Amino acid sequence: RCAVCGMFVAPYTNWVALLETDNGERFYFDGPKDLFKYFDNLKTHLPDASPEAVKLFVTEYYTVSLTPATDVLFVTGSDVMGPMGAEMVPIAGRSAAETFRQDHGGTKILRFDGRQLVDVTEKQ
């Protein structure tokens with residue numbers, strides 16, 4: 001079940017996201033949006049964990065493979081919906097993210113730097 005909303009994640013393999021602690025504990029999510037909601041409130045959910053002590057993984061849109069969140073870009077505001085509606089779509093590579101954004105009406109491109117999401121829409 002999603003650690004934020006309680007939704008079953010297994011039926012939505014194209015959207016599964018994962019937070020893994022340094023001691024091997026795993027928390028699953030129905031998409032990147034809930035993963036980052038949880039991560040942004042890490043001290044509430046896991047008081048003994050620091051951002052450096054967890055790893056975030058998302059399912060890359062085109063390959064449908066679990067990928068470190070730092071290795072993809074996230075397109076927001078597109079017409080592609082996740083299991084809970086509007087979702088941040090993880091795309092590997094700048095060119096693919098730009099093409100996806102043009103094809104699906106995305107508004108922003110974000111990058112996760114290990115601590116926070118950073119808007120990289122205008123940067124080349």
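On a predicted model such as this, the values are computed, not experimentally measured, just so you know. We use all heavy atoms of the structure for the numbers below, so side chains are in, but hydrogens, waters and symmetry mates are not.
- Smallest separation of non-hydrogen atoms from Ala17 and Pro32: CB-N, 4.2 Å.
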Would you be so kind as to tabulate the donor-acceptor pairs closer than 3.5 Å made by side chains of residues 68-89, with sequence neighbours excluded?
unit_1, atom_1, unit_2, atom_2, d
Ser78, OG, Val80, N, 3.1
Asp79, OD1, His104, ND1, 2.9
Glu87, OE2, Lys33, N, 2.7

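- The side-chain contact (heavy atoms from CB on, under 4.5 Å) check on Arg1 picks up Phe8, with sequence neighbours excluded.
- In terms of heavy-atom proximity, Glu98 sits nearest to Thr121 at OE2-O, 4.0 Å.
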Donor-acceptor pairs under 3.5 Å, side chain of residues 39-48 to any protein atom, not counting sequence neighbours: which ones?
unit_1, atom_1, unit_2, atom_2, d
Asn41, ND2, Lys37, O, 3.1
Lys43, NZ, Pro47, O, 3.3
Lys43, NZ, Ala49, O, 3.0

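- Between Ala97 and Ile91, the shortest heavy-atom distance links the atoms N-CG2, 3.5 Å.
- Shown here are the salt bridge (charged side-chain N to carboxylate O under 4.0 Å, His left out) partners of Glu20, two or more places apart in sequence or in another chain: Arg26.
- Rounding to the nearest 0.5 angstrom, the gap separating the CE atom in Met7 from the CG atom in Asp34 is 9.5 Å.
- The stretch residues 3-15 participates, sequence neighbours left out, in no salt bridge (charged side-chain N to carboxylate O under 4.0 Å, His left out) pair at all.
- Using a 4.5 Å cut-off between side-chain heavy atoms of Ile, Leu, Val, Met, Phe, Trp and Tyr, Tyr28 falls into a hydrophobic cluster with Val9, Val16, Leu18, Phe57, Leu66.
- Contacts classified as salt bridge (charged side-chain N to carboxylate O under 4.0 Å, His left out) and involving residues 106-116 (residues at least two apart or in different chains) are given here: Glu52-Arg115.
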Walk me through it: do Leu35 and Leu56 pass the test side chain to side chain contact (heavy atoms under 4.5 Å, CB included)? CA-CA 8 Å; Leu35 169 68; Leu56 307 183; 3.7 Å; yes
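- Using a 4.5 Å heavy-atom threshold, the side chains of Phe100 and Tyr62 count as touching.
- Separating the CG atom in Leu110 from the CZ atom in Phe36 is a distance of 8.5 Å, to the nearest 0.5 Å.
- Across all non-hydrogen atoms, the minimal contact from Cys2 to Cys5 is SG-N, 3.6 Å.
- There is no path of hydrophobic side-chain contacts, each under 4.5 Å, that joins Tyr12 to Val58.
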Test Val4 against Tyr38 for side chain to side chain contact (heavy atoms under 4.5 Å, CB included), laying out the working first. CA-CA 7 Å; Val4 170; Tyr38 190 93; 3.9 Å; yes
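- Looking at Arg101 and Thr99, their side chains never come closer than 4.5 Å, going by heavy atoms from C-beta outward.
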Mind running side chain to side chain contact (heavy atoms under 4.5 Å, CB included) on Phe27 and Val54 for me, showing each step along the way? CA-CA 11 Å; Phe27 299 88; Val54 298; over 6 Å; no
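- With 3.5 Å as the limit, one finds a donor-acceptor pair spanning the side chains of Thr63 and Glu60.
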